[in-house]
Amino acid sequence: MAATASSLSHLLVAPKARPKTQPNPSHLHSHRISNPLPCRGRCSSLGVSAAASDLLSPAPSLKSRLAAGDTLYGLFLLSFSPTLAELAALAGYDYVVVDMEHGPGGIPEALACLRALDAARTPAVLRLPEASAVWAKKALDLGPAGLMLPAIESPAAAAEAVSHCRYPPRGVRGAAHPIVRASAYGFDDSYISRCEDDTLVICQVETATGIAEIDAIAAVDGVDVVQMGPLDLSASMGYLWDPGNRKVRAALREAERKVLEAKKKKVAAASDGNAAYLGGFAMQNDPPEQLKLRGYHMVAGAVDIAMFRKAALNDVKRFQEAVMEIGEECDEEEGKDEKENDGYWTSSVMNSNLACSSRISSGSDFISGHSWRPIEAMKLHRMRAVSSIRISCAATKPAKTPAEEEWKVKRQLLAEKRVRSVDVKEALRLQKENNFVILDVRPEAEFKEAHPPGAINVQIYRLIKEWTAWDIARRAAFAFFGIFAGTEENPEFIQSVDAKVGKNAKIIVACSTGGALKPTQNFPDGKQSRSLIAAYLLVLNGYSNVYHLEGGLYAWFKEGLPAVEGEE
């Protein structure tokens, strides 16, 4: 019975730091085994009963670890991959959240992940799609270490969510404990007596309404952790595109302060009443280390899909920029014969071109001087004196033009200034609900043909009035970016924007096709466009609320969004 029950997360041994060195196999009887996987009933015959005793003993719950002062570090599992769940557990995360709210899986997929986490001895928390009695009942019957309940906005909603996790008379949870996995299918007689004390109840507070009630939510009996939701909070405050906005940050800091102060007062006074721990999600603008320093008790620092995406992008980038190392050694006799037959190779050769415009440079220590032919390069490659040949294919890593290097600098500034791309439907919503102005930087003639209602036109380029040699050179440079011929930069662009909207305006810059601010497979640094050049000039000149229309006005008209012809 103990062995069966030990497979569940509430009986798992919390992962500890593993030894840096493994014991010699011949001394197994004198060393404690720290295998992270569970022992399945044969340990005593192997002489490791002490290890088995540790593995099968009841594990500290997440609640008890929080009470002991531990700061817990977790990962969100959106992929519902049991393999990634197991990897995360073995990597040492304190807990893993199986995300049923935003992930694609349901109860069967979550069960597979729980089994993988149990095998790797790491507690699982299930984030529910909604805070309902039905979802809580089905999730709790799987036997997780805790539940995360989304979108809690009031003390009453928090109390109701807690009731979903308790059996009558304290709650409304349906009773099937003799047969569900949580009780080891009935083998664990102690389940009923301890399940409510061991199961961690996490209430997500992720709206402006919830933030206003956060101290009261944290005081509700049965709420163990208040989990901040910065992304949903930014959306509820009108800053979906800007989760790092100072107003969002200020709201988060105030909510954090209330929860942490209430917890400190309860600990100091040893008073009755509830005071929840503080949990949170790390963001790009708010990394997990910062949350830990600010006093968070539970920190979710990563998402499996995001980690894989980053690793995949880096892997592709490394391959695209790779320099291939080729080295081949022949035996000494063959090398000796080669030298005798081709003695003139004792004075070497360094730079030449092979087929396909590949660049070859020798890794040997020969004295450079003589030119050499491609067929002879193969002989040199086979000689022992040449340790390697480095080949960089021009098609793999082309040299960047000055224009490309300039765009790289611009794109870096756009990223630093938080210039974001928004799709056309989001742009229409922002224009209607948040007073954004669509700045159309196309030529006036194109603007008059058709444009979004309420858009203003300040062209970023204008027809060249007087041709000089410098104008001709610039015309050739503009052609690289697909900008029509016969134009020059509009020297009055910033002054015209200042006159029409002012520095405090919220602007979405638009041109014909929009370019690409985000890197893509074909454009590793994105693709420059007139709207992105205009956005660069705006942020360079003090505009702080600048966004970019993804897909350009071509996408706007293709979607059939409102448009007017001529002057409004």
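One is the number of the first residue; the rest follow in order along the sequence. Basis for what follows: all heavy atoms, side chains included, without hydrogens, waters or symmetry-related copies.
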* **Y554 atom OH: more than 12 heavy-atom contacts under 6.0 Å** => no
* Please check if atom NZ in K258 has more than 12 non-hydrogen atoms from other residues, nucleotides or ligands closer than 6.0 Å. => yes
* Distance-only donor-acceptor check, side chains S421 and H548, under 3.5 Å -> yes
Identify each donor-acceptor pair in which a side-chain atom of residues 208-226 lies under 3.5 Å from a protein atom, sequence neighbours left out, and give them as a table.
{"unit_1": "D221", "atom_1": "OD2", "unit_2": "R166", "atom_2": "NH1", "d": "3.4"}
{"unit_1": "D224", "atom_1": "OD2", "unit_2": "V201", "atom_2": "N", "d": "2.8"}

Side-chain donor/acceptor pairs under 3.5 Å, residues 143-150, sequence neighbours excluded:
none

* Salt bridge flag under 4.0 Å for residues R170 and E196 -> yes
* To do: Hey, could you give me each pair passing ring pair (Phe, Tyr, Trp, His ring centres under 6.0 Å) that has a residue in residues 199-232? Not counting sequence neighbours.
  => none
* **Side chain to side chain, L77 and D99, heavy atoms closer than 4.5 Å** => no
* Asked: Can you find a pair of side-chain heavy atoms, one from L428 and one from V424, that are under 4.5 Å apart?
  -> no
* To do: Indicate yes or no: at least one non-hydrogen side-chain atom of R181 is less than 4.5 angstrom from one of L114.
  => yes
* So, D141 and R173, do they make that salt bridge, N to O below 4.0 Å? -> yes
* Asked: Do R257 and E254 sit within salt-bridge range, that is, some charged N less than 4.0 Å from a carboxylate O?
  -> yes
* To do: Scan for ring pair (Phe, Tyr, Trp, His ring centres under 6.0 Å) pairs involving residues 251-307, sequence neighbours excluded, and state none if there are none.
  => F76-F281, Y277-H297
Only pairs under 3.5 Å count here: list side-chain donor-acceptor contacts from residues 299-312, not counting sequence neighbours, and write none if there are none.
{"unit_1": "D304", "atom_1": "OD1", "unit_2": "L78", "atom_2": "N", "d": "2.8"}
{"unit_1": "D304", "atom_1": "OD2", "unit_2": "S79", "atom_2": "N", "d": "3.1"}
{"unit_1": "D304", "atom_1": "OD2", "unit_2": "S79", "atom_2": "OG", "d": "2.5"}

* **R418 side chain near N285 side chain, heavy-atom distance below 4.5 Å** => yes
* **K506 and D242 ion-paired at < 4.0 Å** => no
* To do: Scan residues 209-239 for pairs that pass ring pair (Phe, Tyr, Trp, His ring centres under 6.0 Å), counting only residues two or more places apart or in two chains.
  => none
* Is any NZ, NE, NH1 or NH2 atom of the basic residue among R318 and D315 found under 4.0 Å from an Asp or Glu carboxylate oxygen of the other? -> yes
* Asked: Are L66 and L72 side-chain neighbours, meaning at least one heavy-atom pair lies under 4.5 Å?
  -> yes
* To do: Look at E426 together with R429 and state whether they make a salt bridge at an N to O cut-off of under 4.0 Å.
  => yes
